[in-house]
Protein chains: 2
Amino acid sequence: MNEEIVKRRATVHDVARAAGVSLATVDRVLNGRPGVRAVTAEKVEQAIAQLGFSRDLNASLMARARDLNVVFFIPDGTNEFMDSLAEAVQRRSPLALADRIHLSMRRVKALDAAGLVSGLNQLDAHSCDCAVIVSSDEPEVLAAIDAAHRRGVAVMTLVSDLPGSARRNFIGIDNGAAGRTAASLMGRFLPQGGKVAVVAGSLHLRDHAERLEGFRAALGAEFGAIEIIGPLEGHDERTETAAIIARLLADHADLGGLYNLGAGNAGLVAALEASGRSGDLRVIAHELTPTTRAGLRSGAIDVVLDQNPDGEIREAIAAARALALDASRTAATDPIEIGIFLRDNLR
Amino acid sequence: MNEEIVKRRATVHDVARAAGVSLATVDRVLNGRPGVRAVTAEKVEQAIAQLGFSRDLNASLMARARDLNVVFFIPDGTNEFMDSLAEAVQRRSPLALADRIHLSMRRVKALDAAGLVSGLNQLDAHSCDCAVIVSSDEPEVLAAIDAAHRRGVAVMTLVSDLPGSARRNFIGIDNGAAGRTAASLMGRFLPQGGKVAVVAGSLHLRDHAERLEGFRAALGAEFGAIEIIGPLEGHDERTETAAIIARLLADHADLGGLYNLGAGNAGLVAALEASGRSGDLRVIAHELTPTTRAGLRSGAIDVVLDQNPDGEIREAIAAARALALDASRTAATDPIEIGIFLRDNLR
DNA sequence: TCGCGCATGAGGTACGTGCCTCATGACTTT
DNA sequence: AAAGTCATGAGGCACGTACCTCATGCGCGA
């Protein structure tokens with residue numbers, strides 16, 4: 001009763017037989033080598049489609065005795081979240097290697113398009129199957145992605161998407177939904193309404209812009225009694241953010257809430273604690289880091305919205321594997337969920 | 001500058017050379033076949049440890065031309081969450097097959113230890129490498145797990161753990177933390193304090209008991225102004241839960257919140273909406289299902305704490321793979337996070 | 001000392017794919 | 001007609017492991 005008919009997966013041999021050609025020809029088609037007439041290639045494609053053949057990636061990697069190479073470009077600087085991403089890459093590395101996937105990482109200066117572009121330009125299809133980048137939206141970067149794509153290097157965006165480019169996948173949260181979630185929580189925390197200040201890193205960062213938009217829209221639609229102050233830009237820096245928060249607290253004695261949708265949380269916590277009003281306002285921040293963790297514990301921060309860096313790296317690797325199998329499509333990946341952290345469910 | 005020395009992974013050949021024995025002997029040791037003196041086996045083990053050799057699972061599965069078999073035992077009945085788990089297994093199945101992992105599933109009557117036990121007893125090491133079960137804590141089940149373990153079938157617990165057994169891994173959330181999180185949210189939602197009712201499925205379910213314990217502890221420690229009513233048991237059934245909620249609402253006109261730490265959410269929503277007080281109380285429930293999703297949208301439910309079924313199945317498969325490589329240890333897995341869902345971050 | 005059983009070595013085939021060489025036949029160019 | 005080009009077939013080796021057979025050598029008891 002619990003028997004199941006297990007269809008053996010189709011192999012290249014099956015494809016060759018079905019197409020009425022030799023193994024060598026199937027191989028030429030599969031690996032894009034020359035020497036096959038269009039009509040013959042078409043027969044092979046049909047056989048592949050009909051049998052639902054899909055190359056066995058593990059056998060393939062084993063046969064060519066070369067690992068799948070995935071290169072991560074992670075911004076360097078003072079942004080703790082980027083460090084978590086880098087650590088997640090390191091953590092995954094041995095695990096991935098067991099599956100013949102070689103991860104490497106380059107830290108590039110944050111928000112420095114030129115550095116990222118030159119890094120991308122150095123990649124060739126032989127040494128890198130897939131590049132994963134975290135980038136702001138700059139024309140040079142888009143051009144470099146397209147160039148890499150033409151050279152046979154797949155590019156994926158992480159954390160912040162670049163929809164206009166030839167990037168094959170985006171791995172990250174829905175930032176609009178993150179902003180709406182922040183609004184929804186803030187609204188419930190302040191049932192009487194009041195003033196809520198919004199601090200961003202830079203509105204030129206696509207993820208920040210999307211969060212702000214979502215926050216505004218959801219507050220406007222559901223919590224009309226809340227007044228937004230800002231957004232103010234702290235450029236994801238500790239001191240600049242601290243100064244902004246200090247000024248906000250001084251100017252608005254009746255401030256009820258604070259939403260920092262960028263980084264710079266060390267500055268936020270420092271300013272709150274210096275003001276002596278830590279715990280009096282409802283504070284929502286992004287990304288679970290040592291700083292926000294401490295903020296949650298001390299009560300300076302009420303909620304942290306998080307994108308799980310380990311999950312993102314895991315999915316990026318899964319997507320890179322999938323792209324290696326079918327370079328012509330966008331890989332389906334498990335969505336990255338928006339984590340909501342309070343003091344009690346810190347991981 | 002970005003060059004990296006890539007150590008080739010050790011193979012059985014390397015181990016044979018290092019141990020000064022033949023490939024055949026290494027093979028006998030690795031696969032537990034007889035015909036090796038203890039001293040020789042020891043030499044091989046040392047070489048393995050020294051080289052950090054780890055069997056290449058993909059090559060191994062390919063060589064024996066047999067998939068890794070993982071059998072899921074998922075409770076059947078009216079519990080929507082269990083259906084999500086079953087669907088997640090189905091969704092993963094083709095993906096897993098591409099990696100030579102064959103998933104199968106048996107729906108067994110919920111809370112029916114005998115059915116599960118007989119299912120487990122039917123498994124032999126040849127047709128099943130790993131069984132994944134969702135079970136309440138019954139002595140017969142523990143015995144069946146131990147027996148399966150002795151037959152060479154690894155067993156993992158899902159959702160609800162059975163720590164006293166020979167289960168190799170537990171995949172699920174930290175239910176104590178889930179209860180504390182519910183308390184933390186409820187406390188913030190009701191800054192003035194008030195009455196909060198707690199409804200469980202059955203306190204004989206380990207996960208439910210752990211949630212209750214966490215909820216009580218965290219409320220007691222931080223939100224003394226909140227009074228707990230209950231727990232009442234609805235046995236995860238729609239009608240019974242509805243009746244309980246209706247009575248609670250009738251008896252306590254000043255009820256401020258409701259925490260349903262079990263299933264039966266259809267009954268909860270129905271009773272709330274029938275009472276006309278939907279939206280007046282803060283309601284926290286568990287597991288994102290069509291019912292709780294609708295409840296979030298309508299405002300009947302404020303927060304849903306969730307364990308991502310797809311993530312759990314993914315990690316169960318990853319753990320099964322790891323166990324196939326090293327049957328002597330518990331596999332390290334990515335922790336399953338407690339998802340917190342509001343209306344605005346529904347996935 | 002003969003034979004028995006056991007530990008071990010040697011070497012083969014298979015899994016599914018990549019990549020290589022060489023042969024063959026067809027068709028084109030000179 | 002000879003030479004060249006191109007599409008294709010045939011087949012082999014490799015990757016790392018599983019599993020099989022057969023041979024060999026050793027120590028032991030009769």
Side-chain angles (χ1 to χ4, degrees), chain A residues 6 8-17 19-44 47-48 51-68 97-102 125-126 129 321 324-326, chain B residues 6 8-17 19-44 47-48 51-68 97-102 125-126 129 321 324-326:
Chain A
V6 182
R8 197 176 53 84
R9 292 187 64 203
T11 74
V12 281
H13 296 268
D14 301 322
V15 173
R17 207 177 314 119
V21 301
S22 76
L23 259 185
T25 300
V26 175
D27 185 69
R28 290 181 183 108
V29 173
L30 277 177
N31 296 292
R33 274 185 276 274
V36 182
R37 270 182 305 175
V39 273
T40 314
E42 178 56 26
K43 279 197 297 183
V44 174
I48 289 175
L51 294 174
F53 168 81
S54 163
R55 183 195 330 241
D56 182 325
L57 184 58
N58 294 309
S60 160
L61 290 174
M62 185 159 71
R64 60 175 164 178
R66 181 165 79 77
D67 286 359
L68 198 66
L97 211 53
D99 287 330
R100 296 192 145 78
I101 299 179
H102 178 79
H126 181 71
D129 301 275
R321 262 176 62 105
L325 276 177
D326 187 352
Chain B
V6 182
R8 197 174 52 82
R9 292 187 63 201
T11 73
V12 280
H13 297 268
D14 301 324
V15 173
R17 205 176 316 120
V21 302
S22 76
L23 258 185
T25 300
V26 174
D27 184 72
R28 289 190 259 263
V29 173
L30 277 178
N31 296 292
R33 273 185 276 273
V36 182
R37 270 181 308 173
V39 273
T40 313
E42 179 55 27
K43 278 197 298 182
V44 174
I48 289 175
L51 294 173
F53 168 81
S54 162
R55 186 197 324 242
D56 182 325
L57 183 58
N58 294 309
S60 160
L61 290 175
M62 185 159 71
R64 61 175 161 177
R66 181 164 80 76
D67 286 358
L68 199 66
L97 210 52
D99 286 330
R100 295 192 145 77
I101 299 178
H102 178 79
H126 181 71
D129 301 277
R321 263 176 63 103
L325 275 176
D326 187 351

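What you see below is based on every heavy atom in this structure, not just the backbone, and it leaves out hydrogens, waters and symmetry mates. Order of the sequence lines fixes the chain letters, A, B, ..., with proteins taken first and strands second; residue numbering starts at 1 for each chain.
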Does Leu57(B) offer a backbone N or O that forms a donor-acceptor pair with the side chain of Arg100(B) under 3.5 Å? no
Whole-Å distance, Asp67(A) CG to dG16(D) C1', equals 13 Å
Atom pair distance, as rounded to whole Å: CZ in Arg37(A) and C1' in dT5(D): 14 Å
If the cut-off is 4.0 Å, is Thr25(B) near the phosphate of dG9(C), judged by side-chain N/O to OP1 or OP2? yes
Atom pair distance, as rounded to whole Å: NZ in Lys43(A) and C1' in dA7(D): 11 Å
Would you call Asp67(A)-Arg9(B) a salt bridge at under 4.0 Å N-O? no
Of Leu97(A), Leu68(A), Asp129(A), which meets side-chain contact (heavy atoms from CB on, under 4.5 Å) against His102(A)? Leu97(A)
Write down the distance between CG (Leu68(B)) and P (dT17(D)), rounded to a whole number of angstrom. 16 Å
Between Ala16(B) and Leu23(B), what is the shortest heavy-atom contact and its length? CB-N, 4.0 Å
Sequence neighbours excluded and cut-off under 3.5 Å, please list the side-chain donor-acceptor pairs for residues 26-35 of chain A, or say none.
| residue | atom | partner | partner atom | Å |
| --- | --- | --- | --- | --- |
| Asp27(A) | OD1 | Asn31(A) | ND2 | 3.0 |
| Asp27(A) | OD2 | Arg33(A) | NH2 | 2.6 |
| Asn31(A) | OD1 | Arg55(A) | NH1 | 3.0 |
| Asn31(A) | ND2 | Asp27(A) | O | 3.2 |

Protein proximity profile, nucleotides 10-23 of chain C - base contact B, sugar-phosphate-only contact S, no contact -, cut-off 4.0 Å on heavy atoms: B----BBBSB----
Sequence neighbours excluded, the answer for salt bridge (charged side-chain N to carboxylate O under 4.0 Å, His left out) partners of Asp326(B) is Arg329(B)
Taking NE2 from His126(B) and C1' from dA18(D), how many angstroms apart are they, rounded to a whole number? 14 Å
